[in-house]
Amino acid sequence: MGDRVFSGVALLAGAAILVTLSFVAIFLSFNSVGAVYREEEGLILEQFLEYAYPLVVGTLIASLIALVLATPVAVGVALFVSHFAPPRLSKSIGYLIDLLAAIPSVVYGAWGMSFLGPALVPVYGWLHQNLGFIPLFAGAPSQTGRTIFTAGVVLGVMILPIITSVCREIFIQTPKLHEEAALALGATRWEMIMMAVFPFARAGIISGVMLGLGRALGETMAVALVLSPGLLSASLISSGNSTIPAEIALGFPEAPPGSERQAQLIAIGLVLFIITLIVNMTARWIVNRHKEFSGAN
């Protein structure tokens with residue numbers, strides 16, 4: 001009887017997630033019709049795409065910058081905590097990493113706006129002066145530091161504890177027999193990690209990175225505080241650009257209920273919903289594919 005009850009509760013919990021997800025998708029789809037269709041003009045999909053394109057690009061750029069900056073640091077910290085640091089030091093570092101995850105996003109945003117942005121202004125000037133021939137650094141450098149690159153750095157700091165925690169747990173779970181066998185065959189500590197730890201933890205590392213990407217894609221307040229919204233710019237050091245969550249957070253309170261503006265914001269939220277769903281499905285496919293070739297098998 002207990003097994004049947006537990007099975008039923010677990011089934012209901014799983015079904016509730018799917019039902020909730022379906023209701024969210026239906027709500028977003030139904031309320032975003034006004035952004036792509038008008039009775040007097042018909043289908044206006046092209047106008048919506050012109051509005052959505054800069055926001056999608058800004059969201060992806062900021063998230064990509066965050067991943068590029070955070071992933072190597074997170075894997076290195078997790079590896080140090082799990083295999084190199086003394087037990088007392090590893091526990092202290094683990095607590096500090098977990099503490100970073102507990103800091104509210106608005107605090108990160110305020111830090112990026114008031115400290116990090118102005119601190120990066122000289123760096124942007126140097127990049128423009130010495131690497132201005134590269135399109136990413138060709139624009140006029142921002143004098144406030146409120147750029148898409150600053151937002152990416154803030155997002156990188158925010159997703160760092162997520163990726164680090166997942167990687168640390170996976171590294172710790174590496175079978176000791178694999179590590180001891182590699183060392184017994186004459187491998188150095190680094191060679192043992194390359195042969196035993198990384199193959200076993202490959203799927204877990206990918207999972208942690210994708211979790212961090214999901215956090216970066218959906219972050220709202222930190223990006224809204226750091227960025228200075230404007231036209232789409234190909235330069236990382238120029239003011240402008242915005243992301244989908246920041247656009248919704250800043251525009252939704254002022255949008256009249258039932259207006260075209262509100263429909264636009266809901267529609268761009270649907271776009272973010274689809275992007276996040278694609279990212280999660282891709283991550284699941286990659287993880288399942290790499291599990292077949294991991295050291296665990």
Side-chain angles (χ1 to χ4, degrees), residues 20-21 24 28 54-75 77-78 93-121 142 144-168 207-230 236 239-255 265-266 268-277 279-280 283:
T20 303
L21 193 65
V24 171
L28 293 175
L55 299 174
V56 173
V57 173
T59 302
L60 295 179
I61 290 176
S63 301
L64 181 61
I65 293 172
L67 281 187
V68 171
L69 295 177
T71 301
V73 177
V75 173
V77 172
I93 296 177
Y95 292 148
L96 291 176
I97 293 171
D98 294 337
L99 184 61
L100 283 176
I103 299 176
S105 59
V106 66
V107 175
Y108 283 109
W111 168 72
M113 177 181 62
S114 60
F115 175 79
L116 182 62
L120 289 176
V121 170
S142 172
T144 60
R146 301 179 67 179
T147 66
I148 194 71
F149 185 82
T150 304
V153 174
V154 173
L155 289 177
V157 176
M158 294 182 66
I159 68 176
L160 181 64
I162 298 175
I163 303 176
T164 303
S165 297
V166 174
C167 293
R168 180 187 62 190
S207 299
V209 170
M210 289 303 176
L211 282 175
L213 178 59
R215 171 74 186 275
L217 287 172
E219 183 51 48
T220 303
M221 289 308 301
V223 178
L225 289 173
V226 171
L227 279 183
S228 178
L236 301 180
S239 297
N241 295 315
S242 187
T243 63
I244 296 175
E247 176 75 6
I248 296 173
L250 295 175
F252 207 87
E254 301 177 358
L265 295 173
I266 295 177
I268 199 66
L270 177 61
V271 173
L272 180 61
F273 179 84
I274 294 173
I275 292 174
T276 306
L277 190 62
V279 168
N280 289 333

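Residues Ser63 and Leu213 share a closest heavy-atom pair of CB-CD1, 3.7 Å. Between Ala70 and Gly156, the closest heavy-atom pair is CB-O, 3.4 Å. When all heavy atoms of Leu265 and Ala255 are compared, the pair lying nearest together is CD1-CB, 4.1 Å. Residues Glu219 and Ala222 share a closest heavy-atom pair of OE2-N, 3.5 Å. In this structure, Ile65 and Val153 approach most closely via the heavy-atom pair CG2-N, 4.3 Å. Scanning both residues, Met113 and Pro118, for their nearest heavy atoms gives O-CD, 3.5 Å.
A side-chain donor-acceptor contact under 3.5 Å links Arg146 to the backbone of Val226. Formation of a donor-acceptor pair under 3.5 Å by the Arg168 side chain with backbone atoms of Ile163 is not found in this model. The main-chain N or O of Gly145 is found under 3.5 Å from a side-chain atom of Thr150 such that the two form a donor-acceptor pair.
The CZ atom of Arg215 sits 13.5 Å away from the OG1 atom of Thr276 when rounded to the nearest 0.5 Å. Note that CG of Leu64 is 9.5 Å distant from CG of Leu69, once rounded to the nearest 0.5 Å. Atom OG1 in Thr164 sits 9.5 Å away from atom CD1 in Ile162 (nearest 0.5 Å). Atoms CG and CD1, on Asn280 and Ile275 in that order, are 12.0 Å from each other to the nearest 0.5 Å. Remark: Leu272 CG to Leu277 CG distance equals 11.0 Å, nearest 0.5 Å. For the atom pair CD1 of Ile244 and CG of Leu270, the computed distance is 10.0 Å after rounding to the nearest 0.5 Å.
Side-chain atoms of Pro245 and Thr59, non-hydrogen and from C-beta on, do get closer than 4.5 Å to each other. In this structure, Ile159 and Leu67 have side chains that are in contact, with non-hydrogen atoms separated by less than 4.5 Å. Using a 4.5 Å cut-off on side-chain heavy atoms (C-beta onward), Leu100 and Ile103 make contact.
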*Check the pair Val57, Ile61 against side chain to side chain contact (heavy atoms under 4.5 Å, CB included), reporting the backbone distance first and the verdict last.*
CA-CA 6 Å; Val57 173; Ile61 290 176; 3.5 Å; yes

_Set out, in order, the CA-CA distance, both residues' side-chain angles and the distance that settles side chain to side chain contact (heavy atoms under 4.5 Å, CB included) for Phe273 and Leu21, then state yes or no._
CA-CA 10 Å; Phe273 179 84; Leu21 193 65; 3.6 Å; yes

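For the pairing with Tyr108, the side chain to side chain contact (heavy atoms under 4.5 Å, CB included) check across Val154, Leu155, Leu116 returns one residue only, Val154.
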